[in-house]
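Read through the structure below, which is laid out as structure tokens, and then see the notes.
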Amino acid sequence: MSLIEFNDRVAIITGAGTGLGRSHALALAKRGVKVVVNDLGGPVDGEAGSGSVGGDLSPAQIVADEINSGGGEAMAHGANVTKPAQVEAMVAAAIE
């Protein structure tokens, strides 16, 4: 059975620091996709808890590092996708 590959394609995957987003990022990277691992870094349960939502890039960076160490190409980004200016900055960083 042949493997479907997406060499030289780029995917921005939101929520890719954990859960299904992480799984999708890793699977696409194995198929040659250059991945932008986007995650705000909020709690996994979606609750604010201590009152802070987002602001921790480490979940996204861990996934990007895992992809890069496995021979793929990835970058971490913490854009809030509800804010157009942050999305534009993330896309510009991906293009660069």
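The figures here come from the full heavy-atom set of this structure, side chains too, leaving out hydrogens, waters and symmetry mates.
Every residue two or more places apart in sequence or in another chain that forms a side chain to side chain donor-acceptor pair (under 3.5 Å) with Glu5 is listed here: Asn7. With sequence neighbours left out, Glu66 forms a salt bridge (Lys or Arg N to Asp or Glu O under 4.0 Å) with Arg22. With sequence neighbours excluded, the residues forming a side chain to side chain contact (heavy atoms under 4.5 Å, CB included) with Ala11 are Ile13, Leu28, Val33, listed by chain and number.
Residue Gly41 comes nearest to Pro59 through the heavy atom pair CA-CG, 4.4 Å, listed as atom of the first residue, atom of the second, then distance. Scanning both residues, Ala76 and Ala64, for their nearest heavy atoms gives N-CB, 3.9 Å.
In the hydrophobic clustering of ILVMFWY residues, with side-chain heavy atoms under 4.5 Å counting as a link, Val35 and Ile4 come out together. Put simply, Met75 and Leu57 are part of two different groups of oily side chains (I, L, V, M, F, W, Y) that touch within less than 4.5 Å, one to the next. In the hydrophobic clustering of ILVMFWY residues, with side-chain heavy atoms under 4.5 Å counting as a link, Leu20 and Val63 come out apart.
Interatomic distance, Gln61 CD to Asp56 CG, rounded to the nearest 0.5 Å: 11.0 Å. Atom CG of Asn80 sits about 11.0 Å away from atom CG of Asp39, to the nearest 0.5 Å.
A heavy-atom distance below 4.5 Å is found between the side chains of Val36 and Met90. Residues Glu73 and Ile67 have side chains not in contact (no heavy-atom distance under 4.5 Å, counting atoms from C-beta outward).
For the pair Asn38 (side chain) and Ala79 (backbone), a donor-acceptor distance under 3.5 Å is present.
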| query | Could you go step by step and tell me if Gln86 and Val81 meet the side-chain contact (heavy atoms from CB on, under 4.5 Å) rule? | reply | CA-CA 7 Å; Gln86 291 186 27; Val81 296; over 6 Å; no

